[in-house]
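Only one structure is covered here, and it is reproduced in the block below.
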Number of protein chains: 2
Amino acid sequence: MREPPVTGGRSPDLRDYETSNCPVAGAMDILGEKWTLLVLRDLFAGVRRFDEMQARLGAPRALLSKRLRRLEDAGIVQRVAYREPGARARHEYRLTDKGKDLNTILVALKEWGDRWVNAPGRAPTDLVDRETGAPVRLALVRGGDGREVTARDLRMVPGPGAIPKRQA
Amino acid sequence: MREPPVTGGRSPDLRDYETSNCPVAGAMDILGEKWTLLVLRDLFAGVRRFDEMQARLGAPRALLSKRLRRLEDAGIVQRVAYREPGARARHEYRLTDKGKDLNTILVALKEWGDRWVNAPGRAPTDLVDRETGAPVRLALVRGGDGREVTARDLRMVPGPGAIPKRQA
DNA sequence: ACCCCAAATTCATATTTTGAACTCAGCATA
DNA sequence: TATGCTGAGTTCAAAATATGAATTTGGGGT
């Protein structure tokens, strides 16, 4: 009756566990509001000032303000004071380590968008190795030997934090 | 005046290009509505029926219905007819290739959530290699030799589809 | 003919988002 | 001392979305 999941083997069935501590849900709780991931895209692209971000996004100023505050509260961005010569002190937004660690999420979105949304071979940006200039991409790798595996080799199993449902 | 982006080198500045064809924006346009990525999480976990999904998510039925239709229209899920013995024909939702390719996005969200949202070392699921059982993770790899690189080695440069802004 | 079930749809109420206008603080200029 | 400018917001009314409960739909089984 229960058919195997896309990412999974025969058993155990992931559906027999609680979703309350799901890390995807936890991440989406912070990142899932409208504009938030695009704000982060801009931060990764080096945009740090409110007005520049607002102009690029076209988001309502009130929303942008709200989102930046939420990201600050979550420890993803940090307000940093700066002063341009002959202007008063202001502040800009910078990614914290927790924020920079969102990198793979943005890269994954970019790669999927490049493959399925835009015209093929017309990506507006490329990711390259800083030293060699060789293209860089996201891949699933096996711990230990660091060998690449395909999505079909992947299996999801209950981890140390899995919470079984009563009455499966 | 322009400070270097987090992911980038000295120049060219990515902010001098249009954002209209941004693949992240394109992806978020489809995936960015409330519940959508959690629906996909469930589909990856093997949930295929409307009611089971609704019960797990706690989302309003109307929304879930709307989201599934949108994912179907986008070619990410497919309605497939099935019949359980002694019941009438129904249909279930399955990921298409385009949908399965969202895998890395979900894995990236999972990994970030595991690192920053949940209690350390208490991930509810582990990703393992189907054959060896070895842990699998997402990594940035260099094309050609397939060597892993760090986020600090990464640089974003304008690609073939980059559209310069007038009057930079 | 009547009941059950999965898969929705409807509808009234809440919450969010939008866009334009307004505020605020401090430097510059007169 | 007043006036203006600029970046970074806040306010507010209208529009769009989300919520949750109740209802509908289309078969099949008894």
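Throughout, a chain's letter reflects where its sequence line sits, starting with A, and its residues are numbered from 1. Values below: all heavy atoms of this structure, side chains included; hydrogens, waters and symmetry mates excluded.
- Within the 4.5 Å cutoff, side-chain heavy atoms of A:Leu43 are placed close to those of A:Met53.
- A heavy-atom distance below 4.5 Å is not found between the side chains of B:Thr19 and A:Pro124.
- Nucleotide D:dC5 holds its P atom 15 Å from the CZ atom of A:Arg90, rounded to whole Å.
- Along DNA chain C, the stretch of nucleotides lying under 4.0 Å from any heavy atom of chain B spans, 5' to 3', C:dC5 to C:dT10.
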- Under the salt bridge (charged side-chain N to carboxylate O under 4.0 Å, His left out) criterion, do A:Lys165 and A:Asp16 qualify, and how do the steps go? CA-CA 6 Å; A:Lys165 282 188 184 170; A:Asp16 296 330; over 6 Å; no
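- B:Leu40 places a side-chain heavy atom less than 4.5 Å from the side chain of B:Leu31.
- For A:Tyr93 and D:dG9, the shortest distance from a side-chain N or O to OP1 or OP2 is below 4.0 Å.
- Side-chain contact check for B:Val39 versus B:Thr36: every heavy-atom pair is 4.5 Å or farther apart.
- Heavy-atom neighbours of B:Lys98 NZ from other residues, nucleotides or ligands within 6.0 Å: above the threshold of 12.
- Think of B:Val141 as one node in a network of Ile, Leu, Val, Met, Phe, Trp and Tyr side chains linked at under 4.5 Å; its network also takes in A:Val141.
- Distance, A:His91 NE2 to D:dG7 P: 14 Å, rounded to whole Å.
- Shown here are the side chain to side chain donor-acceptor pair (under 3.5 Å) partners of A:Arg56, two or more places apart in sequence or in another chain: A:Asp42.
- Within residues 23-39 of chain A, the residues approaching DNA chain C are A:Lys34, A:Trp35, by heavy-atom distance under 4.0 Å.
- Atom pair A:Glu92:CD and D:dG9:P shows a separation of 12 Å (rounding to whole Å applied).
- Under the 4.5 Å side-chain criterion, counting only non-hydrogen atoms from C-beta, A:Arg130 is not in contact with B:Leu154.
- Rounded to a whole Å, the CZ atom of A:Arg79 is 10 Å from the P atom of D:dA8.
- The separation between B:Arg88 atom CZ and D:dG29 atom P is 11 Å, rounded to whole Å.
- Rounded to whole Å, the distance from CD on B:Glu84 to C1' on D:dG27 is 15 Å.
- Taking atom OH on B:Tyr82 and atom P on D:dG27, their separation rounds to 15 Å, with Å as the unit.
- For the pair B:Phe50 CZ and D:dG26 P, the interatomic distance rounds to 17 Å; values are reported in whole Å.
- With sequence neighbours left out, the side chain to side chain donor-acceptor pair (under 3.5 Å) criterion links A:Arg115 to B:Asp101.
- Counting only heavy atoms from C-beta outward, the side chains of A:Arg70 and A:Glu33 approach each other to under 4.5 Å.
- Within residues 54-64 of chain B, the residues having any heavy atom closer than 4.0 Å to DNA chain C are, in order of number, B:Arg61, B:Ala62.
- Two residues, B:Lys66 and A:Arg83, neighbour DNA chain C, and the one matched to the more 5' nucleotide by heavy-atom proximity is B:Lys66.
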